[in-house]
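These notes concern the structure reproduced below.
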Amino acid sequence: MKLVRLQPADLPIETRALAKALLGHVLVRETDEGLTAGTIVETAYLPGDPACHAFSGKTARNATLFGPPLRSYVYQIYGTSYCFNLSSEAEGEGAGVLVRALEPIKGLEIMRERRSTSIERDLCRGPGRLCRALAIDRSLDGIDLSEHPHLWLAEAQEFPMRVRSSRRIGVTRAAERRLRFYAAGNPYVSGPARLNPS
DNA sequence: AGGATGATCGTCT
DNA sequence: GACGATCATCCTC
């Protein structure tokens with residue numbers, strides 16, 4: 001299996017298009033422990049929603065969302081979990097896409113140690129879990145995915161992939177909007193079954 | 001300086 | 001399906 005780094009021109013910068021285009025591509029992480037990687041199978045975004053960190057304007061925490069596209073925006077939530085996003089849209093506009101689940105493809109043994117579970121399906125199923133499995137934390141906030149040596153995107157390993165949408169998970173505002181995308185039928189997608197029809 | 005809150009997770013029933 | 005943990009960040013005083 002050969003992981004070829006994606007070039008910025010390979011992805012759209014518009015938020016919705018990016019959220020869909022990311023499905024099937026691979027998120028790669030390299031540390032002293034080794035290489036871990038997974039196929040992106042679920043994403044979501046939050047335009048015009050008070051839950052979006054960019055909704056109320058630029059702050060110290062969310063500055064990355066207002067920067068150039070394809071930067072890593074990482075924040076901590078509920079004290080214990082990190083969430084990994086990619087900034088979208090042109091510099092100056094605050095927007096991004098949350099990566100919600102991966103299908104693990106490399107470094108599963110490392111992931112099992114970091115996650116303290118042997119259940120493969122649970123290694124990267126959820127935004128907090130995938131950050132734990134790939135050792136992503138705030139130190140990676142703001143880095144450029146197209147250049148960074150230790151966190152980057154690779155060309156798709158699984159195509160074609162049937163993309164479906166649903167309402168989002170964990171947000172209450174504008175709840176009816178279908179701003180979550182996932183790979184139909186993929187067992188590594190998070191959330192309740194009723195939100196994951198094939 | 002203090003209070004409210006969250007794009008979650010793991011555990012328990 | 002429900003609930004509590006846990007703390008960085010932001011907002012208000």
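Here is the naming used below: chain letters follow the sequence lines, and residue numbers restart at 1 for every chain.
Heavy atoms of R138(A) sit under 4.0 angstrom from primed sugar atoms or phosphate atoms, though from no base atom. Residue R180(A) is classed as having no contact, given no heavy-atom separation below 4.0 Å to the nucleic acid. Counting any heavy atom pair closer than 4.0 Å across all strands shown, R61(A) reaches sugar-phosphate atoms only and no base atom.
Looking at residues two or more places apart in sequence or on another chain, you find a ring-ring contact (aromatic ring centres under 6.0 Å, His included) between Y73(A) and H53(A), Y75(A).
Residues from residues 77-97 of chain A that place a heavy atom under 4.0 Å from any atom of DNA chain C, listed by number: Y78(A), G79(A), T80(A).
Counting only N and O atoms by type, the side chains of S87(A) and R71(A) include no donor and acceptor under 3.5 Å apart. Side-chain atoms of W152(A) and E147(A) include no donor-acceptor pair closer than 3.5 Å. The closest side-chain donor-acceptor pair between D122(A) and T117(A), if any, does not fall under 3.5 angstrom. Residues Q7(A) and S146(A) have side chains that never bring a donor and an acceptor to within less than 3.5 angstrom of each other.
The partner of dA7(B) cannot be assigned: no Watson-Crick or G-U wobble pair with both contacts below 3.5 Å exists in any strand.
Nucleotide dC9(B) holds its C1' atom 15 Å from the CZ atom of R121(A), rounded to whole Å. Put simply, CD1 on I119(A) is 13 Å from C1' on dC9(B), counting in whole angstrom units. Going from atom OH of Y75(A) over to atom P of dC7(C) covers 18 Å, rounded to whole Å. Remark: C1' of dG10(B) and CZ of R132(A) are 11 Å apart, rounded to the nearest angstrom. Going from atom CG of L130(A) over to atom C1' of dA7(B) covers 12 Å, rounded to whole Å. Distance L123(A) CG to dG10(B) P: 11 Å, rounded to the nearest Å. In this structure, Q76(A) atom CD and dT9(C) atom P are separated by 8 Å, rounded to whole Å. The distance between atom CZ of R115(A) and atom C1' of dC9(B), rounded to the nearest whole Å, is 8 Å.
With hydrogens and angles disregarded, no donor-acceptor distance shorter than 3.5 Å links the side chain of R115(A) to the backbone of M111(A).
Side-chain atoms of R100(A) lie closest to dA7(B) of the nucleotides dG10(B), dA7(B), dA8(C). For C52(A), counting side-chain heavy atoms from C-beta on, the closest listed nucleotide (dA7(B), dC10(C), dC9(B)) is dA7(B).
Taking side-chain N and O atoms only, R129(A) has a distance below 4.0 Å to OP1 or OP2 of dG10(B).
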What pairs of donor and acceptor atoms, side-chain ones from residues 187-198 of chain A against any protein atom, are under 3.5 angstrom apart with sequence neighbours left out?
{"unit_1": "Y188(A)", "atom_1": "OH", "unit_2": "E120(A)", "atom_2": "OE2", "d": "2.8"}
{"unit_1": "S190(A)", "atom_1": "OG", "unit_2": "E42(A)", "atom_2": "OE1", "d": "2.9"}
{"unit_1": "S190(A)", "atom_1": "OG", "unit_2": "E42(A)", "atom_2": "OE2", "d": "3.0"}
{"unit_1": "S190(A)", "atom_1": "OG", "unit_2": "R100(A)", "atom_2": "NH2", "d": "3.3"}
{"unit_1": "N196(A)", "atom_1": "OD1", "unit_2": "R180(A)", "atom_2": "NH1", "d": "3.2"}
{"unit_1": "N196(A)", "atom_1": "OD1", "unit_2": "R180(A)", "atom_2": "NH2", "d": "2.6"}
{"unit_1": "N196(A)", "atom_1": "ND2", "unit_2": "S190(A)", "atom_2": "O", "d": "3.1"}
{"unit_1": "N196(A)", "atom_1": "ND2", "unit_2": "G191(A)", "atom_2": "O", "d": "3.3"}
{"unit_1": "N196(A)", "atom_1": "ND2", "unit_2": "P192(A)", "atom_2": "O", "d": "3.3"}

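Residue-to-nucleotide proximity on DNA chain B shows that, of I169(A) and D122(A), the 5′-proximal contact is made by I169(A).
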